[in-house]
Amino acid sequence: MSVTLRPVFEPTRGLRSDRVTHYCPGCTHGVAHRLVAEVLEELGVLERTVGVASVGCSVLAYNYFLVDMQEAAHGRAPAVATGIKRVLPDRVVFAYQGDGDLAAIGMAEIVHAAARGENITVIFINNANYGMTSGQMAPTTLVGQRTTTTPLGRDPAQAGYPIRVAELLDTLDGPAYIARGSLHDTAHVLQAKRYIRKAFQAQLEGRGFSLVELLSSCPTNWGLEPVEALDFIRERLVPHYPLGELRKPEGVR
Amino acid sequence: MSVTLRPVFEPTRGLRSDRVTHYCPGCTHGVAHRLVAEVLEELGVLERTVGVASVGCSVLAYNYFLVDMQEAAHGRAPAVATGIKRVLPDRVVFAYQGDGDLAAIGMAEIVHAAARGENITVIFINNANYGMTSGQMAPTTLVGQRTTTTPLGRDPAQAGYPIRVAELLDTLDGPAYIARGSLHDTAHVLQAKRYIRKAFQAQLEGRGFSLVELLSSCPTNWGLEPVEALDFIRERLVPHYPLGELRKPEGVR
Amino acid sequence: MDRVLFDAARCKGCGLCVSACPEGALAQREEANRMGYHPAYLAEPAKCVSCGLCAVICPDLVIRVYRPVAAAVPAR
Amino acid sequence: MDRVLFDAARCKGCGLCVSACPEGALAQREEANRMGYHPAYLAEPAKCVSCGLCAVICPDLVIRVYRPVAAAVPAR
Amino acid sequence: MGERELMKGNEAMAEAAIRAGCRYFFGYPITPQSELLEYMARHLAGRGGVFLQAESEVSAINMVYGAAGAGARVMTATSSPGFSLMQEGLSYMAGAELPAVVVNVVRGGPGLGGLQPAQSDYFQATKGGGHGDYRLIVLAPSSPQEAADLVYEAFDVADRYRNVVLILADSILAQAMEPVELPPARDPASLPAKPWATVGRGERAEPNLVNSLYLAAEDLWALNQRLQAKYRRIEAEETRWAEEWTEEADWLVVAYGSMARIALAAIRQLRREEGLRVGLFRPISLWPFPSRALARRAAGTRGVLTMEMSTGQMVEDVRLAVEGAVPVRFFGKTGGVVPEVEEAVEAIRRMVAETEPRHAHPVR
Amino acid sequence: MGERELMKGNEAMAEAAIRAGCRYFFGYPITPQSELLEYMARHLAGRGGVFLQAESEVSAINMVYGAAGAGARVMTATSSPGFSLMQEGLSYMAGAELPAVVVNVVRGGPGLGGLQPAQSDYFQATKGGGHGDYRLIVLAPSSPQEAADLVYEAFDVADRYRNVVLILADSILAQAMEPVELPPARDPASLPAKPWATVGRGERAEPNLVNSLYLAAEDLWALNQRLQAKYRRIEAEETRWAEEWTEEADWLVVAYGSMARIALAAIRQLRREEGLRVGLFRPISLWPFPSRALARRAAGTRGVLTMEMSTGQMVEDVRLAVEGAVPVRFFGKTGGVVPEVEEAVEAIRRMVAETEPRHAHPVR
Amino acid sequence: MERTLIVAGFGGQGVLSLGMVIARAGMSEGYEVSWLPSYGPEQRGGTANCHVILSDEPVACPLVGHPQTLIAFNLPSLEKFAQRVVPGGEILVESGLEAAVTREDVRLYALPALEEANRFGDTRVANMVMLGAWLELHPILGDEAIEDALRRVISKRHHDLLPLDLEAIRAGRRLMAMARA
Amino acid sequence: MERTLIVAGFGGQGVLSLGMVIARAGMSEGYEVSWLPSYGPEQRGGTANCHVILSDEPVACPLVGHPQTLIAFNLPSLEKFAQRVVPGGEILVESGLEAAVTREDVRLYALPALEEANRFGDTRVANMVMLGAWLELHPILGDEAIEDALRRVISKRHHDLLPLDLEAIRAGRRLMAMARA
Ligand SMILES: Cc1ncc(C[n+]2csc(CCOP(=O)(O)OP(=O)(O)O)c2C)c(N)n1
Ligand SMILES: Cc1ncc(C[n+]2csc(CCOP(=O)(O)OP(=O)(O)O)c2C)c(N)n1
Ligand code: SF4
Ligand code: SF4
Ligand code: SF4
Ligand code: SF4
Ligand code: SF4
Ligand code: SF4
Ligand SMILES: [Mg+2]
Ligand SMILES: [Mg+2]
């Protein structure tokens, strides 16, 4: 009996294999990209997807995803995605946003896209700081966390409290699917992928707005080794940002 | 035994008695103004209060309140109030905003002022439409409600769902006090006043952000007589926007 | 003197006070004021119980309400 | 052929796969690749059980995983 | 078609847009533009389009960005403060070379200002209120009829150059009703193809990209060179203006939009009553500004008077065109005060007096 | 004080602001301005001030509005896209006549553009990127030292006129380190009183009001007339420029900011190596633009070359100043490509060749 | 031929539609026309007015600086616009307001439009009474044109009021005829 | 006197601080100085470089178009800047990269800075080795100025590395002395 090798894991066709991302070593932005691309590939919609990149470390996402894309202004990806989806209701439209982009400057746009039940999917990368601009405080920065604009640690009396975006959006009637996952270990990566798949499925079924928040690492600005950065997610972020599905369309398990 | 008259109700010194407001007959913006002024007077802080008027029917509020005021750009009253409060932490600072102002264009500003626990008080007039610009849809417009931009009634599939602002802000850690009152009858007016008082008290005690949402009438754009408009609040708005105190500082009854 | 005083020039004739008065003591005048509105007034003074609710609902600072009290020895 | 293949030129040497491998089969090379990183590799092929977890955590599409199967009659 | 309808400029612009094939409108209410938005709210859905009230002007322009990038004919409209909020988005659209039509019904400023007509956003419109070296094509109608015509054409112009066309209106023409003859409805199938649009990759090997980010300076410089080449082309092909009695004019009045109509009334009166040979030069494209045509016309005159409902903005472009060849004077009011015909007459008389050769006042 | 410190322009501006009595900073991160913001984050709290990271540039400028209205010396800083988002707020500040200092460290545009230095926001800065007839006072330093000096003075200028002062910088000077001698710290008690500020009515009978709304057109026109009168005063009192070798220059180069330093290097080389009498005219206040001084200088020359890191914006003000008296040429690059000294040399040589009387090329 | 009017009053008094009927009817009679509304500084409960031009020539500018006719429904409007009427022009006002007109170089017509409208049981048609009065002075628009214009100006759900409007117009004509007599 | 340098390499290789030490030391030696950082198009994991000028005269412009010295730590940097060095200038590179330099009109020094740094047990001081090499070529900055500059450039929590840095600088000097010998 001869033995052959059956593929267990191969790179997705949804990302360009000819380009290496600009992300720092161990940054889980790369994992999130892969999960989205895998889901789009598995759903068979790569050819009819339009993505929206936002301003943050993922600003160059359009260089990696093998789908048509638009680059949005800082914080405005949900508005841009809305414009696209209204013109092309039968295409799959997603926005990929960081926590500065979505939860600071873009708060109005995400709340209203969600309230409208806009039939788009938002992938929300919560890495508790502004990665791209070298580590300033984000709306999701934890109390006490040091950043370049909270050099002594975030003091809520001065700089306020972190925002739980998934919970905030869950007060609205528009969303069909809201979940928070994490990328800090393989089990959670696989769970995150299931969330992402359900989000896109909700869109394909025309159920309305879907969002997956992903706790993600920023080893560079956290000043941690990549593996330590995953520990930081598990030990510090997860307790403050509970994981799970907050909103599911009826009839979805 | 002679009889004298003891005052039961006299106009507050917090409003100018020499000016008649520009509000339409029966518009409860006028009631809200009075309540705020009465509370400020009763708390003895008229002389050390700075108010922020916003863009909406209450844009001329600075003509009526007998306190120092700033006129903010549409939606930005919480940011303006933040600027004032940070400079003058011992003054009482309040913003007076409509639902278009606060919940549409100003969504990011109100969420972040609340998340920061900014020690200001926001009076939020929810009249389910844009009064000033003649009755367009607001983020709080009910499903099915006709406005000049939803001529066939608000269709959620197209124009989304109304936003419950108090509930949305209640997901944040920053606020000290959040309540929703209504101005549709005398009992509720008196209740609303108690809410407003507690909100300002929270500020005076340095507890952080406080907001009182007030369901308010817009007879002109609703196309109703003033008394009918109060019925509309009771019958249509109150069921969608539950009244009560959502957040209280610890130790407050 | 009436228990309720109206600053008729300020009144916009919205009728909220009229409908809020639990005793049905109020009404609006036939004649318009300078602004063109029909001001409210205490049509049946005898009914008024000085509850103040008309003033509570009035959006335009039109109304003052007083309660008759026995002029006792001034409180110290 | 190894169960796990690395596209070493893409590897950024972050070590996530190394720490994620439940079998401790992976390590990083001494020598840097063109980008200056120390790429991961299958240091102990015998330990690998083709679970695929290294690929699941890799942010950079470096890893392919295969499972040896008996070459039975081709499925129809 | 062919029939004249009594319409507000705001409504005429909305209807013209729909007939030009615009099926997407994203906007936010603001006086004195709201009738345009409300017209769209009433009519678009029934004609196979989408009206969406955005949560702000910032969102509106970014929805326009998305829709334009997806290949649609799309429009937004606002008034001055809202237009200021759109500046970042407009700069992005310039960088990504997206076509769309934007209407600014200018009102008095600065700040919250007032609701009355003004022309004080000229600089913002023509010099680029946003960041970077870019231009909007700026068209200034002076009547509801012309507003309809220009909006209708604007969609073609926008598509031709992949550039935003801005209609700079004021509330006189936006809110005045005049008879308007509307252009015929375009067959959506006849609209130009947009192979660059992001509509899903489909069979294409390479994804399409709508973008203005160029991290390498040389690439951004290359984009800018391409844009500048396009702008030169637009200058050559899209410069518009109108003239009245300029043939043998001794003096020239330069005015646009509703101000031009007031100027025209004043000139008419002066020609009739005093026999003064004054002509009207009316720029229709404010960018590209008709500099050459104006320079040519101005050359034979004794003086040029620029009239604006502003404190003097277009006058800079007039001076740049005339470049000292003849005296350039300015008359204007702003903040919503509309000059009366008599004031315009007076201003022209003043210029005439000061530039008559026999009055040897040293000019400027 | 007196001691020279090696500092980045961004840091020098931040420290100078604190020493000028600025205790409030509201800002949002953006490259290449973030070091300024981060300096404030590190230092303000410890010196009795407040640093607040706003949720956006829109919020930041409106926080500045509130703080300025409350009587504080207050500052924000941003870069091009963020500056576009501030336009509405700046127009409001103009209307309400609020003093503050705003820094724009310009980067390449349009749109998201790039992170490298540029000067392509000149129009936006000087002609009013927002709506309405208003002006910012615009100061353009060309070194970290000058940046510190101008920021320091800007707070006084802003208070003097109740007007926003914009520091238009670029990332060369913002990120370059050079020795900087910092001005002395102002005693907060020595700062001018602001009786108009909204600080609570206190004993006053009339409330104070910070506002730009004037619903009656005549009132808004009155505001505008008051503003224009102020702007004329500023033109008379606050026009700044520097000159180098202009005394007997045959040609003039006009450049500002970092571009002026490149121009200077080029001129130095040409004077040294080829003996060409070229002078540098460097506007420091971009608004008010030093038109008269430039016209006077240009008058005796054979030609003027404007150099910018843009496709040509300030050149319009140069042409307006020179008004055809001598030829005005332009050389520039944009999008983050910084012209090399050699290219500047070449551009000057070209102008010289074309404007030498013996080369009888018809100019323009 | 040119006719220029300013019609002014409180917000709810139908001044805008009065002007619009004239403009629409003028258009169907072949004139060049324009109609320009303007709202007082206060949006709410403020005054409203409109400028109307009918002309043989293209309208130079829809703004009417100095109207031939001023129709004023309330005192503030009269105070604001009376001085603007061209010498030899005319002012139509609600009876009782005429005392406020100090000019001698214009014709002044004070008409009890409200009273007349009240007689129809609907004060809202006072504007139509005034329209009738103006039409009596300026017989340049046919009845058919007016009726057609009314039909377009008045919102569909009020079309039952049309006969009432026409009667009010006739009443206005009569009032004016009497006033001139 | 004028010295102009471009120092270039990967983000983490300390190229910015190398340049800054020269600038700071230059300042304390009384020169006019400037230091200008620039980041490659990719923020993350990209290349970095800085421009340094020391001069007797005020610095005209902090940009160095054509440096007298290029210190290059990696291939991309070398490829980008080698052609820019003035004729007669010099290029300092990590050993192994020298093959990529095709110019004949400059002096080329290939130095095993990494290897040397490794010998100190810390590859991060390779930049200091290069600094030493440059100082050997340009003996215009005193030891005290350098040490003082180091103290200011290096963040406080790494001050324990100072002796190591100084030793690396000395090693660099030696390498250069040998290279020139
Ligand atoms: C209007 C505007 N403001 C600021 C910036 C600068 N900027 C770029 S990315 C960014 C923050 C990104 O942080 P986040 O969204 O959390 O993404 P991350 O990099 O952390 O993935 C900022 C502020 C910008 N490009 N545009
Ligand atoms: C930037 C900007 N956009 C739009 C407007 C126009 N505008 C004025 S008030 C208003 C809506 C007000 O509605 P709301 O806040 O609900 O107040 P209300 O009048 O209902 O009390 C709008 C859109 C403006 N002034 N500025
Ligand atoms: S800076 Fe942080 S978020 Fe950005 S690529 Fe690096 S690790 Fe990832
Ligand atoms: S329009 Fe509506 S909200 Fe505004 S004053 Fe009138 S009734 Fe009140
Ligand atoms: S005080 Fe009470 S009883 Fe008297 S009129 Fe007012 S509401 Fe009626
Ligand atoms: S509630 Fe006030 S305004 Fe309304 S009718 Fe009564 S007194 Fe007049
Ligand atoms: S497939 Fe599983 S066992 Fe094999 S190397 Fe990867 S993680 Fe380890
Ligand atoms: S996780 Fe991927 S990039 Fe990181 S070391 Fe392993 S193979 Fe290399
Ligand atoms: Mg982030
Ligand atoms: Mg409202």
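What you are looking at is a predicted structure, and each value in this text was computed from that prediction instead of being measured. The chains referred to below are lettered A, B, ... by the order of the sequence lines, with proteins before strands, and numbering in each begins at 1.
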Rounded to the nearest 0.5 Å, what separation is found between the [atom1] atom of [X] and the [atom2] atom of [Y]?
X        : Y        : atom1 : atom2 : value
F:Leu213 : E:Leu115 : CG    : CG    : 7.5 Å
F:Trp221 : E:Met309 : CH2   : CE    : 12.5 Å
E:Gln116 : F:Glu218 : CD    : CD    : 8.5 Å
E:Phe123 : F:Gln124 : CZ    : CD    : 14.0 Å
F:Tyr92  : E:Leu112 : OH    : CG    : 4.0 Å
E:Arg319 : F:Glu323 : CZ    : CD    : 4.5 Å

Heavy atoms only, distances under 4.5 angstrom: which of [options] has the most pairs with chain F? Name it, please.
options                      : answer
E:Gln225, E:Lys127, E:Arg107 : E:Lys127
E:Pro81, E:Ala118, E:Gly312  : E:Pro81
E:Gly336, E:Ser310, E:Gly114 : E:Ser310
E:Gly111, E:Pro117, E:Gly109 : E:Gly111
E:Asp317, E:Asp133, E:Asp219 : E:Asp133
E:Ser91, E:Ala94, E:Ala222   : E:Ser91

Below 4.5 Å, heavy-atom pairs only: which of [options] has the largest tally toward chain E?
options                                : result
F:Gly128, F:Gly324, F:Gly108           : F:Gly324
F:Gly95, F:Ala325, F:Ala217            : F:Ala217
F:Val106, F:Asn211, F:Leu223, F:Val337 : F:Val337
F:Gly113, F:Gly82, F:Ala96             : F:Gly113

Exercise for the section: Please examine the side chains of E:Leu85 and F:Gln87, heavy atoms only from C-beta on, and report whether any two atoms are closer than 4.5 Å. Expected result: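 No, side chains not in contact.
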Handout entry: Non-hydrogen side-chain atoms of E:Leu90 and F:Pro110 separated by less than 4.5 Å
Key =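 No, side chains not in contact.
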[X] versus chain F, heavy atoms under 4.5 Å apart: side chain, backbone, both or neither?
X        : result
E:Gln313 : side chain
E:Gln228 : side chain
E:Phe83  : neither
E:Leu227 : side chain

Practice task
Please indicate whether E:Arg233 has more than 12 foreign heavy atoms, meaning atoms of other residues, nucleotides or ligands, lying under 6.0 Å from its CZ.
Solution key: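 Atom CZ in E:Arg233 is packed in, count exceeds 12.
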Practice task
Inspect the surroundings of CZ in F:Arg292 and state if more than 12 heavy atoms from other residues, nucleotides or ligands are less than 6.0 Å away.
Solution key: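 No - once you tally the heavy atoms of other residues, nucleotides and ligands closer than 6.0 Å, there are 12 at most.
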Handout entry: Working for side chain to side chain contact (heavy atoms under 4.5 Å, CB included), residues E:Leu320 and F:Glu316
Key = CA-CA 7 Å; E:Leu320 282 168; F:Glu316 287 200 0; 3.5 Å; yes
Practice task
Can you spot which of E:Ser84, E:Ser120, E:Ser79 makes a side chain to side chain donor-acceptor pair (under 3.5 Å) with F:His131?
Solution key: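 Exactly one option meets the side chain to side chain donor-acceptor pair (under 3.5 Å) with F:His131, and it is E:Ser84.
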Problem - F:Gly132 backbone acceptor or donor facing E:Asp121 side chain under 3.5 Å - result: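 Answer holds: yes.
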